[in-house]
Amino acid sequence: MKILHAYGQTCNKFFTYINYIADGIETGEKIVILSPDITTRYYSNLRESGVVKFPFYNRSLINTIGYVRYVNWLSSFWGNRYSLKIASLFFKLVPSVDFVTAPTGSY
């Protein structure tokens with residue numbers, strides 16, 4: 001399983017996701033995206049695919065506080081350098097999980 005955090009705007013994030021998703025399809029590995037992009041709600045096939053998982057895409061919270069506010073909160077939480085460092089340290093302890101922070105255009 002790869003846990004992926006991509007930086008940048010929507011298009012840049014999706015270009016980064018595409019490479020990891022293609023590898024996931026090829027190898028059968030799951031890709032977990034912690035912080036969905038603001039436009040993720042328009043891509044239901046991506047959200048419901050068997051390869052990509054959005055563990056924090058919570059319909060109850062989205063309905064309660066609003067989609068934009070919820071996604072912005074997730075982005076600010078997972079985009080925080082301290083949260084990323086803690087997550088990186090934590091996931092190093094978990095076997096068979098790769099935590100990847102991918103800057104724009106990287107692969």
Side-chain angles (χ1 to χ4, degrees):
M1 175 187 336
K2 278 195 174 118
I3 299 176
L4 179 62
H5 177 74
Y7 294 100
Q9 296 177 346
T10 300
C11 190
N12 295 329
K13 285 182 179 182
F14 277 36
F15 282 136
T16 303
Y17 294 162
I18 287 169
N19 290 317
Y20 288 98
I21 291 169
D23 281 349
I25 290 170
E26 205 172 271
T27 63
E29 190 173 41
K30 301 289 183 207
I31 306 299
V32 177
I33 299 174
L34 298 176
S35 178
D37 187 75
I38 198 78
T39 60
T40 303
R41 66 179 163 183
Y42 302 119
Y43 298 96
S44 58
N45 289 340
L46 180 65
R47 283 193 330 265
E48 297 165 4
S49 76
V51 177
V52 181
K53 302 293 180 197
F54 295 93
F56 296 110
Y57 193 87
N58 186 313
R59 289 188 190 270
S60 300
L61 281 173
I62 289 169
N63 291 337
T64 304
I65 65 173
Y67 181 79
V68 173
R69 185 177 294 157
Y70 181 65
V71 170
N72 285 337
W73 180 82
L74 282 176
S75 294
S76 64
F77 179 78
W78 289 111
N80 179 326
R81 66 180 178 183
Y82 301 113
S83 298
L84 289 176
K85 284 183 181 180
I86 290 170
S88 178
L89 290 172
F90 173 75
F91 288 120
K92 283 182 182 177
L93 301 173
V94 179
S96 72
V97 172
D98 293 326
F99 183 71
V100 179
T101 54
T104 301
S106 70
Y107 175 64

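Computed over heavy atoms, backbone and side chain alike; hydrogens, waters and symmetry mates excluded.
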(message) Taking atom CZ as the centre, does Arg41 end up with more than 12 heavy-atom neighbours from other residues, nucleotides or ligands that are less than 6.0 angstrom away?
(response) yes
(message) Restricting to side chain to side chain contact (heavy atoms under 4.5 Å, CB included), what partner residues turn up for Ser44, sequence neighbours left out?
(response) Arg47, Glu48
(request) Ignoring hydrogens and angles, tell me if any N or O in the side chain of Lys30 forms a donor-acceptor pair with the backbone of Gly50 under 3.5 Å. (result) yes
(request) Starting at NE2 of His5, measure out to OG of Ser88 and round the result to the nearest 0.5 Å. (result) 12.0 Å
(request) Check ring-ring contact (aromatic ring centres under 6.0 Å, His included) between Tyr67 and all other residues, then give those that pass, not counting sequence neighbours. (result) none
(request) Answer yes or no: is there a donor N or O on one side and an acceptor on the other, between the side chain of Asn63 and the main chain of Arg59, under 3.5 Å? (result) yes
(request) Can you tell me which residue pairs pass the salt bridge (Lys or Arg N to Asp or Glu O under 4.0 Å) test with a partner in residues 2-12, sequence neighbours excluded? (result) Lys2-Glu29
(request) Please name all residues satisfying ring-ring contact (aromatic ring centres under 6.0 Å, His included) with Phe99, sequence neighbours left out, ordered by chain then number. (result) Phe91
(request) Specify the closest pair of heavy atoms between Ser75 and Pro36, including all atoms of both residues, with the distance to one decimal. (result) OG-O, 4.3 Å
(message) Please identify which of these residues, Ile33, Ile31, Val100, Val97, meets the side-chain contact (heavy atoms from CB on, under 4.5 Å) condition with Ile3.
(response) Val97
(request) Check the hydrophobic clustering (I, L, V, M, F, W, Y; side-chain heavy atoms under 4.5 Å; chains of links allowed) and say if Leu34 and Phe90 are grouped together. (result) yes
(message) Ignoring hydrogens, what is the shortest heavy-atom contact between Leu46 and Ile21? Give both atom names and the distance.
(response) CD1-CD1, 3.8 Å
(request) Mind jotting down which residue pairs meet the ring-ring contact (aromatic ring centres under 6.0 Å, His included) criterion with at least one end in residues 21-64? Sequence neighbours excluded, please. (result) Phe14-Tyr43, Phe56-Trp78
(message) Measuring from atom CG of Asn80 to atom OG of Ser35, what distance do you get when rounded to the nearest 0.5 angstrom?
(response) 12.0 Å
(message) To the nearest 0.5 Å, what is the distance between NZ on Lys13 and CG on Leu4?
(response) 10.0 Å
(request) Over all heavy atoms of both residues, which pair between Val68 and Ile38 is shortest? Give the atoms and the distance, please. (result) CA-CD1, 3.9 Å
(request) Please name all residues satisfying side chain to side chain contact (heavy atoms under 4.5 Å, CB included) with Pro95, sequence neighbours left out, ordered by chain then number. (result) none
(request) Ignoring hydrogens and angles, tell me if any N or O in the side chain of Ser76 forms a donor-acceptor pair with the backbone of Asn72 under 3.5 Å. (result) yes
